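As structure tokens, the structure follows; a few thoughts come after it.
Only heavy atoms go into these numbers, but all of them, side chains included; no hydrogens, no water, no symmetry mates. Only a predicted model underlies this, so the values are computations on that prediction, with no experimental measurement involved.
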Amino acid sequence: LKENSIEKQSEEELVKLIKIDNNNEALLLLLSIYKPLIISKINSFCFNDCDFEDAYQECVIGLYRIIFDYVPNKSSFRTFSSICINRILISLLRSKYSKSNIPEEAIVNLDESLIVADSETPELILERYHNYEDLLSNIRKQLSSREYNVLLRITDGLSYGEISKEMGITVKAVDNA
């Protein structure tokens, strides 16, 4: 009888039971409700198989924290948790691909890759140019217009402040992009 009453509760009511009564049944039910959402979001962020389990675990731990950060009546729990889970995954990707996690031998200065050696033939120069153009095209498809424009300005050596003034956006918006 108790299980049936918990299963009929809304997500907000389950959160309340967890926060106030430390109700484990409500927690397990909420986790089972959110499992498909978490899996879907992880897949949309293109985590590979070995990172999937870590990402899932981080999202479940994050969901537990989200329960206690949730303030009713500001938004629905589903909206709040969805945004928070996105942020968790973005944070995981940022840490995974931060400069400190990339092997030093894999880092190539962009300017060095564009230097033309005397021994290169015109065909090789043209091929490099087309590869570079393909790379830019693929990057452009993955980023929003703002993100792409910020990236171009960063590769031109502009500071966040300079980009902010040039694009007419805040420094925080530049950082987010």
Transitive ILVMFWY side-chain link [X] to [Y], under 4.5 Å:
X	Y	result
Tyr34	Ile90	yes
Ile61	Ile18	no
Val15	Phe68	yes
Ile67	Leu28	no
Val174	Leu151	no

Is there a side-chain contact (heavy atoms from CB on, under 4.5 Å) between Ile39 and Asn43 once you walk through the steps? CA-CA 6 Å; Ile39 290 171; Asn43 288 333; 3.6 Å; yes
Sorted by first residue and then second, give each side chain to side chain donor-acceptor pair (under 3.5 Å) pair with at least one member in residues 60-75; sequence neighbours left out. none
Got a second to check how far [X]'s [atom1] is from [Y]'s [atom2], nearest 0.5 Å?
X	Y	atom1	atom2	value
Leu27	Ser32	CG	OG	10.0 Å
Ile169	Arg146	CD1	CZ	4.5 Å
Asp175	Ile163	CG	CD1	10.5 Å
Asn149	Arg140	CG	CZ	7.0 Å
Ile88	Ile38	CD1	CD1	8.0 Å
Leu30	Leu14	CG	CG	5.5 Å

Answer yes or no: does atom NZ of Lys35 have more than 12 heavy-atom neighbours from other residues, nucleotides or ligands under 6.0 Å? no
Is any side-chain heavy atom of [X] less than 4.5 Å from a side-chain heavy atom of [Y]?
X	Y	answer
Gln142	Tyr148	no
Leu29	Glu25	no
Asn23	Ile6	yes
Arg87	Ile66	no

If you look at every heavy atom in [X] and [Y], which pair is closest and at what distance?
X	Y	result
Gly161	Val171	CA-CG2, 4.3 Å
Leu63	Ser81	CD1-CB, 4.1 Å
Ser164	Thr170	OG-C, 3.6 Å
Ala55	Ile42	C-CD1, 3.7 Å

Going by ring pair (Phe, Tyr, Trp, His ring centres under 6.0 Å), name the residues that satisfy it together with Tyr160, two or more places apart in sequence or in a different chain. none
I'd like to know if the side chain of Glu12 and the backbone of Phe77 have a donor-acceptor N/O pair within less than 3.5 Å. yes
Judged by atom type as modelled, is there a donor-acceptor pair below 3.5 Å linking the side chain of Ser82 to the main-chain atoms of Thr79? no
